[in-house]
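Here is the structure we will look at.
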Amino acid sequence: MDILVVNPNTTVSMTEKIRRAAERAAAPGTRIVAVNPPVGPESIEGFYDDALAVPGLLAEIAKGEAQGVAAHVIACFDDTGLDAARALAVAPVVGIGEAAFHAASLVAGRFAVVTTLARSVPAIEFNLLRYGLATRCARVRAADVPVLALEERRSDACERIDAQIAAAKADDGAEAIVLGCAGMADLAAELTARHGLPVVDGVAAAVALVEMLVRLGLRTSKLGGYAPPLPKGLA
Ligand code: 5HY
């Protein structure tokens, strides 16, 4: 099966990191098609960037549908444009945030999220509420790391993320950690080993989840909110 993995920001190095993480998680026979829009914000940090990224994301989803991909993954932790993408697509669409929350809730009673900046926290908290998983999340923490700092080798991003994981274990009662940025996808294994608890990367969780949906023959319902968009002029 072909799975389209869309990084909604326009930073190619992050798209390649996401591709590698998706390919590590993919089952034999799954081909990962990792893309990002040609136009849009270089990183998504908060509501404004999130909105700017949606048109480019939807254009990539539309291309994937035309190419007949088996499923789509939205590789931004805010699950940018998720509902609009599900209205557009027939194939299943999973966001890395929602996937990671579910994976963590299946291996721990309470999890904490460690994301990038404080401005990214409200969107994540809102998603936890609308997905019905807010009661399973002890806290959404920000490591005070700009998204693109995760692409810089010399940044102190890893130390800052480490510190927040330690605090989540000590102060929040976290039994698992969800990495709150696609740009952290390469850190899950070493952080799991270092901190001795499950550290979930949403890219891997989303790939595994959509593979399951495809194997079960489940596609996006086209009734109600995810009914196909009505034809209309776009001036
Ligand atoms: C992400 N931003 O996964 C989110 C994380 C965040 O450009 N890719 C981004 O900080 O909201």
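We count ligands from 1, going down the list as the structure has it; atoms in each ligand are counted the same way. Remember, predicted model here, so these are calculated numbers, not experimental data.
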Would you say His72 and Glu60 are linked by a side-chain donor-acceptor pair, where the criterion is simply a distance under 3.5 Å? no
Salt-bridged, Glu175 to Lys169, with N to O below 4.0 Å? no
When Ile, Leu, Val, Met, Phe, Trp and Tyr are grouped by side-chain heavy atoms lying under 4.5 Å apart, directly or through other members, which residues fall in the same group as Leu230? none
Whether over 12 other heavy atoms sit under 6.0 Å from Arg194 CZ: yes
Apart from Leu197 itself, what residues make up its hydrophobic cluster, given side-chain heavy atom links below 4.5 Å? Val114, Val145, Leu150, Ile161, Ile165, Ile177, Leu179, Met184, Leu187, Leu191, Val199
Anything under 3.5 Å between an N or O on ligand 1 and a protein N or O? List each pair with its distance, or write none.
from: ligand 1; atom 1: 2 (N); to: Ile44; atom 2: O; distance (Å): 2.6
from: ligand 1; atom 1: 3 (O); to: Phe77; atom 2: N; distance (Å): 2.9
from: ligand 1; atom 1: 3 (O); to: Ala182; atom 2: N; distance (Å): 2.8
from: ligand 1; atom 1: 7 (O); to: Asn9; atom 2: ND2; distance (Å): 2.9
from: ligand 1; atom 1: 7 (O); to: Ile44; atom 2: N; distance (Å): 2.8
from: ligand 1; atom 1: 10 (O); to: Thr116; atom 2: OG1; distance (Å): 2.5
from: ligand 1; atom 1: 10 (O); to: Ser120; atom 2: OG; distance (Å): 3.2
from: ligand 1; atom 1: 11 (O); to: Ile44; atom 2: O; distance (Å): 3.3
from: ligand 1; atom 1: 11 (O); to: Asp78; atom 2: OD1; distance (Å): 3.0
from: ligand 1; atom 1: 11 (O); to: Ser120; atom 2: OG; distance (Å): 3.2

Sequence neighbours excluded, which residues qualify as salt bridge (Lys or Arg N to Asp or Glu O under 4.0 Å) partners of Arg215? none
